[in-house]
Amino acid sequence: MRNANIELLRIVSMVLIVLFHFSVHGTWPEGGPLASDTAVEMLSFGGKLGVNCFVLITGYFMVHGHLKVQSLLRVMLQTWFYSFAILAISAIAQPDLVTPERLREAVTPITSGEYWFITCYLALMVASPFLNVLYRNLGDSGRRSLMVIGFVVLSAIPTITTYNPIGSDLVWFFYLYLMGGWLRDRPLWKRRGNADRVPNVGVTTVSQAD
């Protein structure tokens, strides 16, 4: 059964990502509160938030699951299809845009990093079985320590000092994936110390997420 809250979060995330891409590639007024720079800065945060939510949701559902090869192949085939479709449209509408470099990127959209999110996401999926083993073996205290250390190294330090000791989107995806599983295993009522007052809610929520 689907979790309505997760589905709502997924929809909101998609809207934020679409708005961000439109702010970059769309037409915006040159002046006023929606001037291009202002709009892009505002929506850039929303786009990044949407991407992070997608990876968190992936970890929420997959950290106790298993990788389906057919799902991985489906994403790869869809990426190639749209890459070739865009290349074909460009070749018809504006042939001078089809350079040897663009052709190479269209043929190898995943390994070339043409679509950075797809590249990182597929790498995350391939690594997910190993991340799941790591997650299970860490235990509760180890997971909590990993969340704290990861937050400090990957988020707090780069934000405060602008120095990013790792600077890898894939490593950040690994962290968010594990955080998604950690949040699933630490329901809100337990974090608030209300487990005794609502003993059956946890079972219902987890079963809805499956």
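Note: hydrogens, waters and symmetry copies are ignored here, and every other heavy atom, side chains too, is used. Numbering of residues begins at 1 and proceeds along the displayed sequence.
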[Y] side chain reached by [X] side chain, heavy atoms, under 4.5 Å:
{"X": "Tyr175", "Y": "Met147", "value": "yes"}
{"X": "Met125", "Y": "Thr58", "value": "yes"}
{"X": "Ser155", "Y": "Trp172", "value": "yes"}
{"X": "Leu146", "Y": "Leu178", "value": "yes"}
{"X": "Asn137", "Y": "Val133", "value": "yes"}

Checklist line | Residue pair Leu56, Met179: steps toward the side-chain contact (heavy atoms from CB on, under 4.5 Å) verdict | finding: CA-CA 7 Å; Leu56 280 172; Met179 178 184 286; 3.8 Å; yes
Notebook entry, point to check: Does atom CZ of Phe117 have more than 12 heavy-atom neighbours, drawn from other residues, nucleotides or ligands, at distances under 6.0 Å?
Noted result: yes
Measure across [X] and [Y] and return the closest heavy-atom pair with its distance rounded to 0.1 Å.
{"X": "Tyr177", "Y": "Asn132", "answer": "OH-OD1, 2.8 Å"}
{"X": "Leu16", "Y": "Gly46", "answer": "CB-O, 3.3 Å"}
{"X": "Ile157", "Y": "Thr161", "answer": "O-OG1, 2.6 Å"}
{"X": "Gly50", "Y": "Ile17", "answer": "C-CD1, 3.8 Å"}

Let me confirm one number: the [atom1]-[atom2] distance from [X] to [Y], rounded to the nearest 0.5 Å.
{"X": "Asn52", "Y": "Leu176", "atom1": "CG", "atom2": "CG", "result": "5.0 Å"}
{"X": "Arg10", "Y": "Ile6", "atom1": "CZ", "atom2": "CD1", "result": "8.0 Å"}
{"X": "Arg143", "Y": "Leu134", "atom1": "CZ", "atom2": "CG", "result": "9.5 Å"}
{"X": "Arg184", "Y": "Ile57", "atom1": "CZ", "atom2": "CD1", "result": "12.5 Å"}
{"X": "Leu9", "Y": "Met14", "atom1": "CG", "atom2": "CE", "result": "10.0 Å"}
{"X": "Ser128", "Y": "Leu124", "atom1": "OG", "atom2": "CG", "result": "6.5 Å"}

Margin query: Tell me whether Asn164 contacts the main-chain N or O of Leu154 through its side chain, where contact means a donor paired with an acceptor under 3.5 Å.
Written below: no
Item checked: Sequence-distant partners of Arg136, side-chain hydrogen bond (donor to acceptor under 3.5 Å, both in side chains), two or more places apart -> none
Item checked: Residues that Tyr135 engages under side-chain hydrogen bond (donor to acceptor under 3.5 Å, both in side chains), provided they are two or more places apart -> Asp185
Next item on the list: Indicate, with yes or no, if the rings of Phe54 and Phe173 have centres closer together than 6.0 Å.
Entry: no
Check: Are Val51 and Val18 joined in one hydrophobic group, where the rule is that I, L, V, M, F, W and Y side chains link up if heavy atoms are under 4.5 Å apart?
Finding: no
Show me the side-chain donor-acceptor pairs of residues 67-86 shorter than 3.5 Å, one per line, residues at least two apart or across chains.
unit_1, atom_1, unit_2, atom_2, d
Thr79, OG1, Val75, O, 2.8
Trp80, NE1, Val107, O, 3.2
Ser83, OG, Ala106, O, 2.8

Check: Side chains of Tyr121 and Asp169: is there a donor and an acceptor less than 3.5 Å apart?
Finding: no
